[in-house]
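Structure record follows, encoded as structure tokens.
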Amino acid sequence: MFEPVDNQVSFPKLEEIILEFWKRRQIYDRSLKLRENCEKFVFFEGPPTANGLPHPGHCLTRAMKDLFPRYRTMRGYLCERKAGWDTHGLPVEVEVCKELGIHSKEEIENYGVEPFIHKCQQSVWRYMQEWERLTERLGFWIKLDEAYVTYHERYVESVWWSLKVLFDRGHLYRGHKIVWWWAQGGTALSSGEVGQGYRTVADPSAYVLLPLVDDPDTNLLIWTTTPWTLPSNQFAAVNPDIDYVTVVDEELGCKLVIAKDLVESIAEKTKRQLRVEAEYRGRDLIGKRYMPPFDYYYPTRKDEQGELTEGGKQHVMWRVVPADFVTTDSGTGLVHQAPAFGEVDYEVLVREQQRFVSGSGPDLICAVGPNGKFTEEAEDLADMWVKDADKLITRKLKESHRLYFLDQYLHEYPFCWRAENDPLIQYPRQSWFIRTTEFKQRMLDNNQQINWLPEHIKHGRFGNFLESNVDWALSRERYWGTPLPIWVCEKTGQMEAIDSYAALQQKPGARGFEAWEQAKRINPELPDDLRVHKPYIDEITYDSPFASGASMRRAPEVIDCWYDSGAMPFAQWGFPHQNADRFFQQFPADFISEALDQTRGWFYSLLAISTLVFDEQTDAIPEIPFPHPFRNCIVLGLMLSEWYESKKNPSDIRLTKQEADEAFGVGNYSQSVGKMSKQKRNYLAPSELFNRYGADALRWYFFANQPPWTPIRYSEQQIKDSIPEFLLRLWNVYGFFLIYANIDEFDPSLELRELDENSQLRSHELAKAESYRPIAERSEIDRWILAELDETINLVTERMDAYDNFNACARINGFVDALSNWYVRRSRSRFWGSEKRSRDKLDAYWTLYECLIQTSKLIAPFVPFVAESIWKNLTGVFGERTVESVHLCDFPESGHREDANLAHNMNLLREIASLGRAARMEAKLKVRQPLNAVTVILGPQADQQWLRAHDSILREELNVKSLNCTPDVGAYVTYQIQPNFGRLGQRLRALLPKVKQILGNADGAKLLDELNRVNRVTLQVEGQSIELDSEDIQVRLVANPGWAAAQGDGVVVVLATELTPELIIEGLARDIIRLVQDRRKELKLDFSDRIKLELSTDSAELKQAIADFKDLIMDETLTVKLEILNQPRASMPTNSLNQFKLSIGIEIDNG
RNA sequence: GGGCAUAUAGCUCAGUUGGUUAGAGCGCGUCGCUGAUAACGACGAGGUCCCAAGUUCGAAUCUUGGUAUGCCCA
């Protein structure tokens, strides 16, 4: 006996049971053990940060990360899955600050770095349980208890090692980074924070004259909305490829250099007459020297020259430089450059520096201090807050006749999000960089070898990002992060990198370890991992090897946490300090997957670190060919949410249409789609979703509804829909099998006592059963569904090998549909027969059983719970002889029973059935009414033969007495002849439309006749003869009007609609049967209950139907005794049948 | 402002190297089935394939230029 299942299955409940089973029987561990010595499929987990609640978006990534490892495991690979957690960085600090009610760095320092760090370490795990629960509940198999953690000492030391490698090779340097700076708070803001604080403000809009050194009557005209940056001017930038002009302003008696396209708009704005005097390219201006607007630096430094790398000398500052970003959209076409206060300006400076021999180029000028006030260098402006200085600056410009025009300008400008009245400024901070730009080509080469899905990421978003690579700003002036492992000599400034705590301890004169030791004494609970963190690590100093008597002291910064996660390929093992073998076994990854937002995040940090660190071969590291550290990467789309807003109160929302209808009334709401938002609560929490619909429903929705890189909508309705559309359909087929197998006592285990231990019930094993007949001997439909099964296995395997889950699912869905809506539908009567062990019935059982067994394996990676449940029940009859979990099975292999011909024929049959139903529909003849004949008109001989041989299916499906199959068109059909475009297009080119016309007008039947006789026809087209053979044309059949006919692709189905009295009576008999069955159901009779049936009617027709079809009626309704009453009893309900009345009485009579 | 992507039925989405009747599911409508049964199924309506120009015998598909939306960057 198989365990009977409830048709009203609760998938969430079923999943809980399966989860318990997996845990109890350690299925995941055993699935790994099984592949112990197999080829590896390497997966890297991109570490999430567990300091927030898991989000629906995480379900998608985690589902994808589960799918392919499961699939590969079943395909015979060893796929280890080590979990990981990202634990450092600003988000964690922000969480702790929130909790403490503080935000500035000053406040953190007042609170104390030490307790702050402790809080950070604790806070990381705040939502750990939620994460683990989600991971497990979703069925994501990953080793949570072996997770790598980025703050662990061995992880940190591994990161240190890689930084030391980079440092020792000269790829790590100190420079400036222009950041958005909150001067009052003394801290830099992340781009996310900056984005929150934009406001519209009016700033001065100043047009400023910069006289040329060689020609003081001619001025470069520049435009700025931040006059306070002018004292720090270093260059003027032009676009070498746009046209510039010299214009004369007669009134002022001076000449201006501006972009040609902007002459008019500037003249209009400033209300001046501007006469063009000369025209030239931007590149002609490059190198020209000018006088900056202020004299704070100019008089002393104007003659400074530096040595160019390409030879020769040049003035280092105050000259025209080229820049692509200069446009003629606004301003003057010349851009004032103050590299201290703009990121692009700074890049210009860096580029200029690179043109000079190291040290002799321009340095950074910055007349403003970190407090946002001018320094002493700006003499009369000193101590003035920059924004307050704008007025004074413009006045001074006016006095020196350098101000050409002044206006106001409205634009968006960022303010501090926690101190609304403080405008942010861009400001240079000292920072550590990784010289990634030098590896640009290597990274591009590496990228070239990666298989990106979707493909456009490679050259699009990711490739472009690499192309415009800038050096990686590595350091952060924060607290909770991997400390930068660089110690600096306090005397000479010389530096060295350290790669482990032990290395530090061995340094001569190493000291300062007490800070940690004392903390540990006070609080023994402190995890030892904290000793490599701030503030303890900062206390450690040692004797400088560069100057006697001096100490080495750590650079105070921590590093970007993206570096942490990008280092995971080696740091997860603690390489090279430990586990070198594990690292090499698990490198590079075959598969990673994250969402699109990781292009500049994890995807980049992985690629950059790997490319740089493993660039050089060493004793410890062999040469590693590209791509590394990952070969295949699925980039997931963003997840959006769908919700319904009340029109009255838009903040009142519901998540499904149904709920909105109930809550707001139909039409009183609008549908919205957008980003998920915690505040809005516009999505259903994953846990809730699992409770309502189950993990499999969610998984199938993710995998089957769209390619994973399209933006995915988190729509409760659609997740819900994936149940009836796939899971339930499969479940019904499975349930159908169970019902009849139990009734008929079909038990495959009884015939398969000799099974191998741990059988997976592969096809060849099933074949050993006595009643399992060779496929060739079974009926057409059995052979067909098994062929479909094998074809499906082939295709799903091929698609999954190509990381294409979407089309794999489409094919599985198609198979389940075929199984349910054709195989079971057409085979139902075979299961109903009373002979329990008839050959045909056993064939049907074995076929369906095999399909279900294989399907459970096929769907196991996708919907692991349902798959497991089906597998366990279907194999339960074997006891211990079969593998106890579907996840310990191999992925199914085709039994090589594919049969394209059969598939074609069966499709034809299904199409004809469908056309027949359409024709019936058209003629308003319900299927219950038998008809005399159906005529199928189709061309190919082979098809006709096959159809004649299998007409019973069609006769039954369409309820007709006979089927005629003919190539004759008769009166029903007209031929239409079309050229075979694919074939003739190349040959005929422009003549094709003519040929099409001629063929269309020709007498189709005659043409075909000629073709059949001599196998070619000749057409005269525009004086040319064109010979066509039968391959060159396509024949279409068109049903003539006036018949109950339907046409498909190359086939027409015509129904004989004539109703004889016999047919009508038979139709009535069927109606009676249906009414009796209805009544049986109303009385809640069991399937197998025999009955005594009493019928009563006035109608002569019904009486005749009962008389003529007595046996049929009794048989179909399990009637043992049938009586016709002249008068219905009072207890007998009366039904209308057409215009007649029929009363039915039923009593159970099981003898 | 730049980069990338997307635009196909009321909704969510497929659509393989260009081939002449553009598909699926949901929803809607009509109906069927009643021994898978609070299920199941059939059939139908519904499309300017965002717009325009071009290439071609032929364009949802290729090219160019727009428009709209999303993401990333500035």
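Note that the coordinates shown come from a computational prediction; the quantities given were computed from them, not determined experimentally. Residue numbers begin at 1 in each chain, while the letters A, B, ... track the order of the sequences.
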Does a side-chain N or O of Gln1077(A) approach OP1 or OP2 of G35(B) to a distance below 4.0 Å, or not? yes

Considering only atom P, compute the distance from U20(B) to G25(B) and round it to an integer number of Å.
-> 22 Å

Whole-Å distance, Asn821(A) CG to A24(B) C1', equals 14 Å

Practice item. Respond yes when some side-chain nitrogen or oxygen of Asn705(A) is under 4.0 Å from OP1 or OP2 of U12(B), and no when none is. Key: no

When rounded to whole Å, the OH to C1' distance for the pair Tyr701(A) and A14(B) reads 15 Å

Picking from A36(B), U21(B), U34(B), the nucleotide nearest the side-chain atoms of Arg1074(A) would be U34(B)

Sugar-phosphate only, base, or nothing, as touched by Gly985(A) at under 4.0 Å among non-hydrogen atoms
base

Please give the distance between the P atoms of G19(B) and A53(B) as a whole number of Å. 22 Å

Lys994(A) NZ to C57(B) P, in whole Å, measures 15 Å

Exceeds 12 heavy-atom contacts within 6.0 angstrom, atom CD of Glu798(A)
yes

Looking only at A36(B), C4(B), C73(B), the nucleotide nearest the Asn732(A) side chain is A36(B)

Exercise for the section: Check the angle between the aromatic planes of Tyr740(A) and Phe831(A) and answer parallel, tilted or perpendicular using the 30° and 60° thresholds. Expected result: tilted

- Task: Answer yes when Arg983(A) and Asp1032(A) have at least one side-chain N-carboxylate O distance shorter than 4.0 Å, and no when they do not.
- Result: yes

Here the distance between atom P of G2(B) and atom CG of Asn464(A), to the nearest Å, is 14 Å

Stem ranges of RNA chain B by first residue number, counting only runs of at least 3 Watson-Crick or G-U pairs under 3.5 Å, come to B:1-7 with B:67-73, B:10-13 with B:23-26, B:28-32 with B:40-44, B:50-54 with B:62-66

(request) In whole angstrom, give me the gap between the C1' atoms of A60(B) and G2(B). (result) 29 Å

note: Asn805(A), atom CG; C13(B), atom P; distance rounded to Å ~ 16 Å

query = Reckon Arg828(A) touches a base, only the sugar-phosphate, or nothing at all at heavy-atom distances under 4.0 Å?
reply = base

Comparing nearest nucleotides in RNA chain B, the 5'-proximal residue of the pair Arg825(A), Asp1115(A) is Asp1115(A)

* **Polar side-chain contact Arg461(A)-C71(B) base: donor and acceptor under 3.5 Å** => yes

Between CG of Leu954(A) and C1' of A42(B) the distance, given in whole Å, is 15 Å

Between U12(B) and U64(B) - C1' atom distance, rounded Å
32 Å

Ile457(A) atom CD1 is separated from U6(B) atom C1', nearest whole Å, by 13 Å

